[in-house]
Amino acid sequence: MKVSILGASGYVGGELLRLLLDHPEASVAQVTSERLAGKLVTAAHPNLRGRTTLRFSRLGDLAPCDLLFAAMPHGSFAKTFAEVRAIAPRILDMSADFRLRAPDAYRRWYGHDHENPAALGEFVYGIPELHREAIAGATCVTGAGCLATTAILGLLPLFREDVVANREVFIEAKVGSSAAGNKESASSHHPERSGAARSFQPTGHRHTGEIVQELAVHGAPTVHFSATAIELVRGILVTAHVRLAEDLDTKAIWNLYRAAYRDEPFIRIVKETRGVFRYPEPKILAGSNYCDVGFERDPHGDRLVVLAALDNLMKGAAGNGVQAMNVMAGWDERTGLGFPGLHPV
Amino acid sequence: MKVSILGASGYVGGELLRLLLDHPEASVAQVTSERLAGKLVTAAHPNLRGRTTLRFSRLGDLAPCDLLFAAMPHGSFAKTFAEVRAIAPRILDMSADFRLRAPDAYRRWYGHDHENPAALGEFVYGIPELHREAIAGATCVTGAGCLATTAILGLLPLFREDVVANREVFIEAKVGSSAAGNKESASSHHPERSGAARSFQPTGHRHTGEIVQELAVHGAPTVHFSATAIELVRGILVTAHVRLAEDLDTKAIWNLYRAAYRDEPFIRIVKETRGVFRYPEPKILAGSNYCDVGFERDPHGDRLVVLAALDNLMKGAAGNGVQAMNVMAGWDERTGLGFPGLHPV
Amino acid sequence: MPKCLECDAEITLKADVEAGEIIDCPDCGTEFEVRSVDPPTLDHAPQEEEDWGE
């Protein structure tokens with residue numbers, strides 16, 4: 001299957017390229033970057049040295065292919081969607097442009113009207129653990145926000161069983177620097193960013209809209225979200241608090257999560273009573289497509305703390321994109337996504 | 001091919017297990033740990049959760065297999081070698097016990113006589129870039145020290161061409177914390193180790209013996225070695241200074257390194273004029289089997305600075321071990337060693 | 001098949017398991033002592049408190 005990447009000089013584009021170069025079924029046709037057109041891709045992705053002699057093309061040079069990934073800056077793909085639509089029968093957009101189905105939700109969380117509201121309904125929200133069947137038949141799929149993906153996968157079983165009091169959840173997400181992309185800024189300058197524990201968005205984080213949309217299984221949830229930058233390049237850890245609507249003990253919650261995730265190749269339930277890594281932790285997931293989910297029941301009341309971790313560039317972006325591609329093409333979902341992560345790392 | 005690991009609870013044993021579990025030709029028979037016997041291997045190697053239900057065996061339970069890796073603490077394998085010798089026709093020792101061929105060199109660098117000097121000659125020094133043919137026919141192969149490997153691979157072309165004045169080199173190695181193994185100590189306690197730039201061995205580092213042994217292509221070299229612990233878990237960067245015996249300019253040195261390493265699958269010459277990662281750097285090599293080599297010619301004199309980087313647990317240990325196994329078994333050397341490393345990371 | 005006392009996972013006992021043996025749960029790693037083999041019953045194994053907190 002011939003695959004091209006529109007906007008491949010960024011971190012997500014580079015991670016897609018790394019995965020596709022070693023994917024047994026896919027062959028990389030073109031990868032575009034207006035800024036780096038003509039340059040070797042290794043200029044932006046040094047880890048791929050010796051693996052490819054591919055050079056960046058321009059958007060205008062894109063030839064038809066079987067599947068087109070779009071990893072453009074937020075806001076750009078919506079403008080170019082109509083233009084590139086004909087290039088490939090299947091499109092997988094990694095940007096935030098088509099994640100929210102409702103135009104008014106988009107206005108609320110992105111502060112302006114959507115460029116192309118008509119096309120909003122064309123895209124399937126591309127997390128296979130949520131919408132596997134719809135993705136299989138879709139021609140347009142959108143990736144999800146990395147923080148949203150982590151929170152959603154951690155909380156989904158509880159909202160599916162409707163056991164959350166008032167459908168209300170308080171979520172605190174810790175995230176690494178690569179989630180902000182490869183454009184440097186004053187706050188990403190090493191002496192300022194190193195060792196950070198920085199509350200960059202205590203309220204109003206855009207990914208909240210996706211969490212509300214995807215957890216509305218039995219009715220709209222109330223989602224309180226905050227995000228903190230921590231000393232990591234890759235990785236997200238979500239710590240979510242809910243109050244249980246029913247008196248479920250630890251065993252009942254284990255069985256609820258087992259029932260939901262037993263057959264999922266990329267979700268592991270991690271809650272152990274010994275060892276250093278007892279709960280989900282992003283450090284050992286770097287480069288893998290896993291989302292580890294865990295929890296702890298507060299014995300003094302009805303509170304359940306849900307924990308979830310992933311690599312924001314993998315299950316939070318490119319890895320999930322390749323997983324969705326595998327679903328769309330009918331291949332084993334694990335194809336090309338076998339790297340288990342490193343320890344120690 | 002049935003492969004077992006003797007001493008698999010450590011970082012090198014865990015990395016071997018990770019590679020072997022996904023190796024298309026090898027199947028893992030038993031992995032031993034006296035301390036964790038009976039426990040799931042994921043208790044020591046959490047990154048392998050969901051990938052294996054293997055449990056640690058005891059040394060005494062080791063059944064015959066085709067190839068036995070030994071990843072025991074330094075000093076232990078020499079004692080058990082005779083006992084395990086019959087278990088497998090091929091043995092690959094990752095410890096330091098059989099790296100130095102000369103008993104007196106061992107005494108000099110390890111401060112005591114070797115346990116089993118007679119067996120010293122049986123082991124081939126297992127870096128394929130140095131001794132590919134000998135490894136192919138060997139039954140006993142020893143891995144190399146991670147710092148030694150980095151320095152040797154960086155400097156080898158110069159010593160093969162005998163262009164180093166007085167065969168003298170000054171080497172400064174920066175290394176991550178995982179090279180000291182998984183046993184905690186006062187100096188590995190996070191508040192003490194984090195952010196370190198710690199001269200832990202300005203002189204007398206044991207790996208010097210191996211560097212002297214392997215660079216003695218045209219006569220014994222004079223090796224001045226120092227090691228500094230830096231803020232990394234995985235990774236080594238060697239910075240070596242030599243004075244050139246001949247007036248070689250940058251192009252001549254490029255061609256000298258190309259001639260030496262053009263066909264090597266795991267060595268990349270990295271010396272670029274643009275981009276963030278212009279010289280070899282360990283960060284983007286974590287998990288990969290690459291050793292990146294570079295240099296810079298001092299325009300004001302006859303000094304050449306040689307740079308080399310690798311992942312101490314991969315090309316510096318387990319990855320090199322699997323590469324040597326591939327050579328011994330006659331498989332493509334890259335088998336099971338395809339991970340390119342991550343960026344950003 | 002006995003169930004883990006912590007997480008309710010099914011614990012498969014080896015055919016030659018004996019009373020007094022220490023086994024661990026594959027899902028949550030908790031250690032148990034086999035109190036009896038037939039019927040198979042488990043007790044929490046004595047656990048030295050690991051120093052793990054921050």
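What you see is a predicted model, and the numbers here were worked out from it, not measured in a lab. Letters go in sequence order (proteins before strands), and every chain restarts at 1.
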Check your understanding: Does any heavy atom of chain B fall under 4.5 Å from the side chain of A/Ala286, the backbone, both, or neither of them?
Key ->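 The answer is both parts of A/Ala286.
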Review point. Hey, is CZ on A/Arg334 packed in by over 12 heavy atoms from elsewhere, all under 6.0 Å?
Key: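 12 or below, so no.
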Check your understanding: Relative to chain A, which segment of B/Glu272 carries a heavy atom at a distance below 4.5 Å: side chain, backbone, both, or neither?
Key ->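 Contact with chain A involves the side chain of B/Glu272 alone.
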Practice item. Would you name the heavy atoms of B/Gly338 and A/Asp22 that are closest together and state the gap between them? Key: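 Nearest pair, atom of B/Gly338 first, then A/Asp22: O-OD2, 4.0 Å.
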Only pairs of heavy atoms separated by less than 4.5 Å count here; which of [options] has the most with chain A?
{"options": "B/Val276, B/Leu48, B/Val270", "result": "B/Val270"}
{"options": "B/Pro46, B/Gly275, B/Ser178, B/Gly341", "result": "B/Pro46"}
{"options": "B/Gly176, B/Ser194, B/Gly195, B/Pro340", "result": "B/Pro340"}

Check your understanding: Can you tell me how far NE2 of A/His343 sits from OG1 of B/Thr42, rounded to the nearest 0.5 angstrom?
Key ->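 So the OG1 of B/Thr42 and the NE2 of A/His343 are separated by 11.5 Å.
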Check your understanding: Atom CG of B/Leu313 and atom CG of A/Leu342: how far apart are they, to the nearest 0.5 Å?
Key ->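 Answer for the CG-CG pair, B/Leu313 versus A/Leu342, is 9.0 Å.
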Review point. Among A/Arg268, A/Arg49, A/Glu15, which has the most heavy-atom pairs under 4.5 Å with chain B?
Key: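 The option with the most such pairs is A/Arg49.
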